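Just so you know, these numbers come straight off a predicted model, no measurement behind them. So you know, we letter chains A, B, ... as the sequences are listed, proteins then strands, and number each from 1.
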Number of protein chains: 2
Amino acid sequence: MSTPGTTEGTVPSGHASPNVFCEHCPTRLVLDRLSDKWVVLILARLSEGPRRFNQLRREIEGVAQKMLSQTLKKMERDGLIGRQAFATVPVTVEYSITPLGLTLASKVVEIAHWAEENIEQVLAAQASYDAN
Amino acid sequence: MSTPGTTEGTVPSGHASPNVFCEHCPTRLVLDRLSDKWVVLILARLSEGPRRFNQLRREIEGVAQKMLSQTLKKMERDGLIGRQAFATVPVTVEYSITPLGLTLASKVVEIAHWAEENIEQVLAAQASYDAN
DNA sequence: CCGGATCCCAAACGATACTG
DNA sequence: CAGTATCGTTTGGGATCCGG
């Protein structure tokens, strides 16, 4: 990435450049977000347009309410999505993607596409590996 | 992705098309791999060239031997990386990326780049959020 | 409808020690 | 050098109930 082959970044302009390979670099936080299993799917959905809470819940199979609300809160904190509540009764809440989130989403949907396109090769490799 | 707005894929050719939003679709396996915290970093390193075990260990700060060998084994099973042992003494093992792994790596390094480029915006958003 | 609070289990992860 | 084995801790995440 920044400085292949080294463990700490050089300093090209101002302060230490971020380097995901460095243990305590905050960029690791971003990669950790992708570990949050649902972030990828939420980003993909919201990049198509705003969604209400239960709407998202239905569209993303298998997610528990707790995980969804937790994940949405984290993503809001990270500035990836926005949240707007309408004082209807019962209350309506709408989540939307931010410009920042959209740039990440564009990268992330490519991973999803890759998964859909190459899953068969992966499954074949697994079968072959397990045959030994 | 495949069929936005629905929960199950249509069947264009042969069998059900993969759909990451579908709960039990195997494409979820791929996304789960990215949850393996070290996969991204290993892919990035190996896409630069082959590495020996301890070489990788040194280049990826903070990884435990156990996690590294576990993760490498999974990735080999998935067909993302190759493993070659040389009967030297002591034994030498070299890991390299496969053509399949390389296509995924190209997507994944973009995420890493995004992290390095946008981390400040994320940190700022967090600070702003926490101020409330 | 949109969540928060609580409980609980399984999996991930890390540290250490040991082996071919 | 390149792992495996074991143990203990931490975290993710699902189920359920409750409240605004």
Side-chain angles (χ1 to χ4, degrees), chain A residues 20-24 28-43 45-46 50-78 81-96 129 132, chain B residues 20-24 28-42 45-46 49-78 81-96 129 132:
Chain A
V20 286
F21 295 109
C22 184
E23 182 166 10
H24 299 294
R28 283 268 178 109
L29 296 179
V30 175
L31 299 183
D32 287 348
R33 278 294 168 279
L34 297 183
S35 300
D36 270 324
K37 165 180 184 180
W38 304 110
V39 169
V40 174
L41 298 175
I42 294 173
L43 278 177
R45 278 309 189 194
L46 289 186
R51 296 284 196 280
R52 287 176 303 106
F53 185 85
N54 280 334
Q55 194 178 356
L56 269 176
R57 193 156 105 77
R58 281 187 301 269
E59 289 183 356
I60 301 175
E61 276 187 49
V63 66
Q65 292 163 336
K66 175 190 165 185
M67 296 318 299
L68 185 56
S69 76
Q70 262 186 18
T71 308
L72 287 169
K73 207 182 301 179
K74 283 187 201 172
M75 294 173 70
E76 188 193 357
R77 188 175 109 97
D78 290 346
I81 64 176
R83 190 192 114 116
Q84 188 171 9
F86 301 93
T88 56
V89 49
V91 65
T92 301
V93 179
E94 196 175 81
Y95 293 92
S96 56
Y129 183 95
N132 307 340
Chain B
V20 286
F21 296 110
C22 184
E23 181 165 12
H24 299 293
R28 283 270 177 107
L29 295 177
V30 175
L31 299 183
D32 287 348
R33 277 294 167 280
L34 297 183
S35 301
D36 270 325
K37 165 179 184 182
W38 304 110
V39 169
V40 174
L41 298 175
I42 294 174
R45 279 309 190 195
L46 289 185
R51 297 284 196 279
R52 286 174 303 104
F53 185 85
N54 280 333
Q55 193 177 356
L56 269 176
R57 193 156 104 77
R58 281 186 301 269
E59 288 183 356
I60 301 175
E61 276 187 51
V63 66
Q65 309 100 319
K66 178 189 162 186
M67 295 317 300
L68 185 55
S69 77
Q70 264 186 14
T71 308
L72 287 169
K73 208 181 300 181
K74 283 188 203 172
M75 294 173 71
E76 188 193 358
R77 189 176 108 96
D78 290 344
I81 64 175
R83 191 194 112 115
Q84 189 172 7
F86 301 94
T88 56
V89 47
V91 65
T92 301
V93 178
E94 197 175 81
Y95 292 92
S96 56
Y129 183 95
N132 306 341

Legend entry - Side-chain touch B/R77/B/K74, heavy atoms, less than 4.5 angstrom: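 Answer no - side chains too far apart.
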Inset, instruction - Would you indicate whether the side-chain heavy atoms of A/M75 and A/L43 approach each other to under 4.5 Å? - result: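 Yes, their side chains come closer than 4.5 Å.
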d([atom1], [X]; [atom2], [N]) in whole Å:
X	N	atom1	atom2	answer
A/K73	C/dC2	NZ	P	15 Å
A/L56	C/dG3	CG	C1'	13 Å
A/R57	C/dC2	CZ	P	10 Å
B/E94	D/dG3	CD	C1'	17 Å
B/F86	D/dG3	CZ	P	12 Å
A/Q84	C/dG3	CD	P	13 Å
B/I60	C/dG14	CD1	C1'	16 Å

Inset, instruction - Would you mind telling me which of D/dT4, C/dG4, D/dC1 lies closest to the side-chain atoms of B/S69? - result: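 For B/S69, the side-chain atoms sit closest to D/dT4.
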List the atom of [X], the atom of [Y], and the distance in Å for their closest heavy-atom pair.
X	Y	value
B/E59	B/R51	OE1-NE, 2.7 Å
B/I60	B/L41	CG2-CD1, 3.9 Å
A/R83	A/Y95	CG-CE2, 3.4 Å

Legend entry - Candidate pair B/R52 and B/R58, rule side chain to side chain contact (heavy atoms under 4.5 Å, CB included), full reasoning: CA-CA 10 Å; B/R52 286 174 303 104; B/R58 281 186 301 269; 4.2 Å; yes
Inset, instruction - Identify which one of A/L56, A/I81, A/V39 satisfies the side-chain contact (heavy atoms from CB on, under 4.5 Å) criterion when paired with A/T71. - result: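 Among A/L56, A/I81, A/V39, the one that satisfies the side-chain contact (heavy atoms from CB on, under 4.5 Å) with A/T71 is A/V39.
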Legend entry - Evaluation steps, side chain to side chain contact (heavy atoms under 4.5 Å, CB included), between A/Q70 and A/K73: CA-CA 5 Å; A/Q70 262 186 18; A/K73 207 182 301 179; 5.9 Å; no
Inset, instruction - Can you measure from CG (B/L72) to CH2 (B/W38) and round to the nearest 0.5 angstrom? - result: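 The CH2 atom of B/W38 is 12.0 Å from CG of B/L72, to the nearest 0.5 Å.
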Inset, instruction - Using five pairs at either end of the helix from C/dC1-D/dG20 to C/dG20-D/dC1, determine the angle between the two local helix axes and round it to 10 degrees. - result: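 Answer rounded to 10°: the end axes differ by 50°.
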Inset, instruction - Assign a letter to each nucleotide of nucleotides 13-20 of chain D from its 5' end: B, base within under 4.0 Å of a protein heavy atom; S, sugar-phosphate only; -, no contact. - result: BBB----B
Legend entry - Sugar-phosphate, base or nothing in reach of B/Y95, heavy atoms under 4.0 Å: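 Result for B/Y95 = sugar-phosphate.
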